[in-house]
Student: 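Sharing a structure with you now.
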Amino acid sequence: STVPQPAQLKRLERMFGTAFIEGFSEPLGKVDQAWAAAIDLIGLPRTIVSSFDASAALRQARPLLAENPKEFQEAFAAMHKVMLSEGGALAIEESILSHKLYSYAEAGGLFYAQRGSKAIGKEEAFVSRLSKWIPGVKQSERAYTTFLNKFRHDIYFKTVEQWHASGVTKNLQDYKDLADIINWGTGRGPNPFAFLTSKGGTANKVADLANAAFFAPRFTSAGPAFIIGGAFKSTRNEAVSKIWGANMASFMQSSVMWMRFLDMAGAEIEMNPASSDFGKGKIGSHRFDFFGGYLPLARYSYQTITGKRK
């Protein structure tokens with residue numbers, strides 16, 4: 001018999017659940033089983049660190065938060081509701097998958113994360129299959145994944161509805177460009193090891209190891225992709241250019257506002273956007289980096305708006 005391809009398995013999983021597809025997996029040899037177990041073990045600390053918090057809301061979603069407050073608030077509320085409600089999570093997933101515009105999101109490549117120990121296409125923070133044995137991780141994954149799925153798709157659906165209402169005809173590339181901007185703006189960047197996975201064999205195993213060993217490779221690549229990829233797309237797609245520019249400006253404005261609040265509250269913080277230490281500071285003996293992995297995005301936004309360089 002023929003084992004369904006990954007894309008077919010993903011569609012079956014969406015229709016019938018993760019448990020349904022478990023029997024379709026090809027049996028692994030002893031070496032491959034040992035390798036898979038090692039990858040799970042290496043990825044386990046990342047899953048534990050990513051659990052028991054609500055980091056997705058202010059980490060992955062941060063670049064798009066200020067420009068999409070309604071979508072953020074609704075996704076944030078849903079995240080907390082589904083933490084202790086599997087039924088609530090399933091209802092939100094069904095509302096996304098049955099939405100009249102979901103086919104546009106799917107065709108455009110907007111990321112929809114799966115849940116479960118053998119799910120295909122999970123959020124990278126929860127890739128270790130061993131996490132299912134740790135109390136609380138399942139609830140954290142449910143909240144984390146539901147938030148990002150809802151936030152991404154609500155923004156996408158809103159934007160496509162606005163496009164349709166304007167009467168302007170869009171092509172498939174427009175929908176793909178929009179999906180890329182939203183994926184990158186919510187921490188789902190390009191796979192930096194994709195060139196290895198395409199080679200198969202040993203190279204594929206190296207890619208698996210790298211993805212497990214690095215804490216968040218897709219999140220790390222998302223920031224540069226949002227800046228560079230967004231700038232490139234803005235040169236060929238006027239509609240996506242407006243969305244990208246509006247989110248960049250709102251991200252910068254809201255960040256400076258919160259930094260000023262910290263400054264007024266007594267924090268010592270670098271407020272010069274041209275400085276490489278922009279956003280870094282301390283409160284008492286505690287040091288912090290306000291932008292974290294988004295410092296390049298903040299500095300690029302400032303330099304684009306003002307035209308100044310240090």
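Since the structure is predicted, the reported quantities are computational estimates derived from the model, not experimental observations.
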Student: With no hydrogens and no angle check, is any side-chain donor or acceptor of Thr146 less than 3.5 Å from a backbone partner on Ala143?
Tutor: no
Student: Before we go on, tell me: are the rings of His153 and Phe111 under 6.0 Å apart, centre to centre?
Tutor: no
Student: Lys81: which residues meet the side chain to side chain contact (heavy atoms under 4.5 Å, CB included) condition with it, sequence neighbours left out?
Tutor: none
Student: Report yes if the distance between the aromatic ring centroids of Phe290 and Trp258 is under 6.0 Å, otherwise no.
Tutor: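 Distance test on ring centres: not under 6.0 Å, no.
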Student: Among all residues two or more places apart in sequence or in another chain, which pass the side-chain hydrogen bond (donor to acceptor under 3.5 Å, both in side chains) test with Lys233?
Tutor: Asp177, Asp180
Student: Pairs in or reaching into residues 261-272: which pass salt bridge (Lys or Arg N to Asp or Glu O under 4.0 Å), with residues at least two apart or in two chains?
Tutor: none
Student: Measuring from Arg260:CZ to Ser255:OG, what's the distance to the nearest 0.5 Å?
Tutor: 12.0 Å
Student: If you round to the nearest 0.5 Å, how far is OG1 of Thr169 from CH2 of Trp163?
Tutor: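 Interatomic distance, Trp163 CH2 to Thr169 OG1, rounded to 0.5 Å: 12.5 Å.
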Student: Does a side-chain heavy-atom distance below 4.5 Å link Ser276 with Arg299?
Tutor: yes
Student: Within the distance-only criterion (no hydrogens, no angle test), does the side chain of Ser221 pair as donor or acceptor with the backbone N or O of Pro190 below 3.5 angstrom?
Tutor: yes
Student: For a 4.5 angstrom cut-off between non-hydrogen side-chain atoms, does Lys100 reach Glu161?
Tutor: yes
Student: Do Tyr112 and Glu106 get their side chains close enough for a donor-acceptor pair, meaning under 3.5 Å?
Tutor: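 No, no side-chain donor-acceptor pair sits under 3.5 Å.
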Student: Tell me whether Asn68 contacts the main-chain N or O of Glu71 through its side chain, where contact means a donor paired with an acceptor under 3.5 Å.
Tutor: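 Between the backbone of Glu71 and the side chain of Asn68 there is no qualifying donor-acceptor contact (under 3.5 Å).
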Student: Say whether, by atom type as modelled, one donor and one acceptor occur between the side chain of Arg218 and the main chain of Gly189 under 3.5 angstrom.
Tutor: yes
Student: Are Gln73 and Phe76 close enough that some pair of their side-chain heavy atoms sits under 4.5 Å apart?
Tutor: no
Student: Looking only at atom types and distance, does a side-chain atom of Tyr156 sit under 3.5 Å from a main-chain N or O of Tyr175, one as donor and one as acceptor?
Tutor: yes
Student: Under 6.0 Å from the six-membered ring centre of Phe151 and within 45° of its axis: does the NZ or CZ of Arg62 meet both?
Tutor: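 No - Arg62 does not lie over the ring of Phe151 by the 6.0 Å and 45° rule.
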Student: Mind checking side chain to side chain contact (heavy atoms under 4.5 Å, CB included) for Ala107 and listing every partner two or more places apart, or none if nothing turns up?
Tutor: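 Leu172.
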Student: Is the backbone N or O of Ala113 less than 3.5 Å from a side-chain atom of Asn149, with the two atoms forming a donor-acceptor pair by type?
Tutor: yes
Student: Output side-chain donor-acceptor pairs under 3.5 Å for residues 85-92, partner residues at least two apart or in another chain, one line each.
Tutor:
{"unit_1": "Ser85", "atom_1": "OG", "unit_2": "Gly88", "atom_2": "N", "d": "2.9"}
{"unit_1": "Glu86", "atom_1": "OE1", "unit_2": "Arg115", "atom_2": "NH1", "d": "3.1"}
{"unit_1": "Glu86", "atom_1": "OE1", "unit_2": "Arg142", "atom_2": "NH1", "d": "3.0"}
{"unit_1": "Glu86", "atom_1": "OE2", "unit_2": "Arg115", "atom_2": "NH2", "d": "3.1"}

Student: For Leu110, is there any backbone N or O sitting under 3.5 Å from a side-chain donor or acceptor partner on Arg152?
Tutor: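 No.
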Student: Would a 4.5 Å heavy-atom cut-off, applied to side chains only, mark Ile227 and Pro296 as touching?
Tutor: yes
Student: Is there a path of hydrophobic side-chain contacts, each under 4.5 Å between heavy atoms of I, L, V, M, F, W or Y residues, that connects Phe291 with Phe288?
Tutor: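 Yes, Phe291 connects to Phe288 through the hydrophobic network.
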Student: Working to the nearest 0.5 Å, report the span between OH of Tyr104 and CG of Asp174.
Tutor: 12.0 Å
Student: Side chain of Trp244, backbone of Phe226: donor and acceptor closer than 3.5 Å?
Tutor: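 Yes, Trp244 side chain to Phe226 backbone: donor-acceptor pair under 3.5 Å.
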Student: Same cluster or not: Leu84 versus Val82, using hydrophobic residues (I, L, V, M, F, W, Y) connected whenever any side-chain heavy atoms lie under 4.5 Å apart?
Tutor: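 No, separate clusters.
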Student: Is the distance between the ring centroids of Tyr294 and Tyr300 less than 6.0 Å?
Tutor: no
Student: Between CG of Asn247 and CE of Met252, what distance do you get to the nearest 0.5 Å?
Tutor: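 With rounding to 0.5 Å, CG (Asn247) is 15.0 Å from CE (Met252).
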Student: Group every Ile, Leu, Val, Met, Phe, Trp and Tyr by side-chain heavy-atom contacts under 4.5 Å, then state whether Met271 and Leu295 land in the same group.
Tutor: yes
Student: Transitively linked via ILVMFWY side-chain contacts under 4.5 Å: Phe278 with Ile283?
Tutor: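 The answer is yes; both residues are in one hydrophobic cluster.
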Student: Keeping the roles fixed (side chain from Asn183, backbone from Ala179), state whether a donor-acceptor pair exists under 3.5 Å.
Tutor: yes
Student: Output yes when a side-chain donor or acceptor of Thr159 lies under 3.5 Å from a complementary backbone atom of Ile155, and no otherwise.
Tutor: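 Side chain of Thr159 to backbone of Ile155: a pair is present.
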Student: Should Gln60 and Tyr144 count as side-chain neighbours, where that means a heavy-atom distance under 4.5 Å?
Tutor: yes
Student: If only side-chain N and O atoms count, and only distance matters, is there a donor-acceptor pair under 3.5 Å linking Asn272 with Asp277?
Tutor: no
Student: Does anything in residues 240-255 form a salt bridge (Lys or Arg N to Asp or Glu O under 4.0 Å)? List the pairs, not counting sequence neighbours.
Tutor: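 Qualifying pairs: Glu238-Lys242.
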Student: Roughly how far, to the nearest 0.5 Å, is CZ of Arg236 from CD of Gln173?
Tutor: 4.5 Å
